[in-house]
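Read the structure below first, then the notes.
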Amino acid sequence: MVMQADDQLRQLYQEVILDHSRSPRNFGKLEPHTHAAEGYNPLCGDQLELYLRIADDGRIEDVHFDGKGCAISRASASLMTEEIKGKTVGDARMLFERFHQAITSDPSASVDGRGLGKLVVLLGVREFPTRIKCATLAWHTLLQALDGGGTTSTEE
Ligand code: ZN
């Protein structure tokens, strides 16, 4: 079977998402932690808790998530923890800006995936607007944790 490069890439991305949703990285509560928040996406029923341990110099020493949700929300949370671990809070916020801009961009336009690391595998979600909130839930929960904790909902 001959596949176009695009299809091959799509399939590879699909496999990465499946892998992360089946065996999420950094899954389970983190103790001790310095920051935590809960996120809820009522559209899909995704629910997650995020735990961070942030050093005095602003570096994210460790980050874990827990909860239950669809494959996209789990994969996105798992990929996020991998990407932000070791980064400073400022760099993590910047990465979210970039990711958010890319994932909410026009699906028919080409997207600049530079600087997004493994997060590029999630950009196929652009074609399914109802799933974008599944992919950004972990990030909104991250901001909630950084900005004082509590609970955030994608419907607020
Ligand atoms: Zn979902």
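Just so you know, residue 1 is the first one in the sequence shown, and it goes up from there.
Of all the heavy atoms in P107 and E127, the pair that sits closest is CB-CG, 3.9 Å. In plain terms, the two heavy atoms of K87 and L95 that are nearest each other are CE-CD2, 4.4 Å. Closest approach of I84 to L142, counting heavy atoms only: CD1-CD1, 3.9 Å. For the pair L116 and A102, the tightest heavy-atom approach, listed with the atom from each and the gap, is CD1-CB, 3.9 Å. Residues I103 and A135 share a closest heavy-atom pair of CD1-CB, 3.6 Å. Residues L137 and L48 share a closest heavy-atom pair of CD2-CD2, 4.0 Å.
The aromatic rings of F96 and W139 sit parallel to each other, their planes meeting at less than 30°, with 60° as the upper class boundary.
V111 and F128 fall into different hydrophobic clusters, defined by Ile, Leu, Val, Met, Phe, Trp and Tyr side-chain heavy atoms under 4.5 Å apart, directly or through other members. V16 and M80 fall within the same hydrophobic cluster, where Ile, Leu, Val, Met, Phe, Trp and Tyr residues are linked whenever their side-chain heavy atoms come under 4.5 Å apart, directly or through other members.
Screening L123, V120, V125 for a side-chain contact (heavy atoms from CB on, under 4.5 Å) involving Y13 leaves a single residue, V120.
Other residues, nucleotides and ligands contribute only 12 or fewer heavy atoms inside 6.0 Å of the CD atom of Q101.
At least one side-chain heavy atom of R25 sits less than 4.5 Å from a side-chain heavy atom of D19. Counting heavy atoms from C-beta outward, L43 and T154 have side chains that stay 4.5 Å or more apart. Residues H33 and L52 have side chains not in contact (no heavy-atom distance under 4.5 Å, counting atoms from C-beta outward).
With rounding to the nearest 0.5 Å, the separation of NE2 in H20 from CD1 in I72 is 12.5 Å. Here the straight-line distance linking atom OG1 of T151 with atom CD of E49 works out to 9.5 Å at 0.5 Å rounding. Atoms CD and CG, on E38 and L50 in that order, are 11.0 Å from each other to the nearest 0.5 Å. Note that the CD atom of E61 and the CD1 atom of I54 stand 9.5 Å from one another [nearest 0.5 Å]. The OG1 atom of T136 lies 7.5 Å from the CG atom of N41; values are rounded to the nearest 0.5 Å. The line from CD of E83 to OG of S76 is 11.0 Å long, rounded to the nearest 0.5 Å.
No donor-acceptor pair closer than 3.5 Å links the side chain of R10 to the backbone N or O of G124. A donor-acceptor distance shorter than 3.5 angstrom exists from the side chain of Q144 to the backbone of G149, with no hydrogens or angles considered. Not a single donor-acceptor pair under 3.5 Å links the side chain of S78 to the backbone N or O of R74.
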Output, in order, the C-alpha distance, side-chain angles, deciding distance and verdict of ring pair (Phe, Tyr, Trp, His ring centres under 6.0 Å) for F65 and F27. CA-CA 5 Å; F65 78 102; F27 189 73; 5.1 Å; yes

Does the pair H64 and K29 meet the rule for a side-chain contact (heavy atoms from CB on, under 4.5 Å), with working shown? CA-CA 6 Å; H64 276 220; K29 203 172 176 182; over 6 Å; no

Test side-chain contact (heavy atoms from CB on, under 4.5 Å) on L122 and F99 and set out the steps. CA-CA 9 Å; L122 293 164; F99 175 60; 3.9 Å; yes

Pair M94, D91 - check side-chain contact (heavy atoms from CB on, under 4.5 Å), show working. CA-CA 5 Å; M94 220 144 63; D91 284 347; 3.8 Å; yes

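Electrostatic pairing of D46 and R131 does not count as a salt bridge here, judged by no charged N lying under 4.0 Å from a carboxylate O.
Judged as a salt bridge (Lys or Arg N to Asp or Glu O under 4.0 Å), the pairs with a partner in residues 114-124 (not counting sequence neighbours) are, in order, E82-K118, D112-R114.
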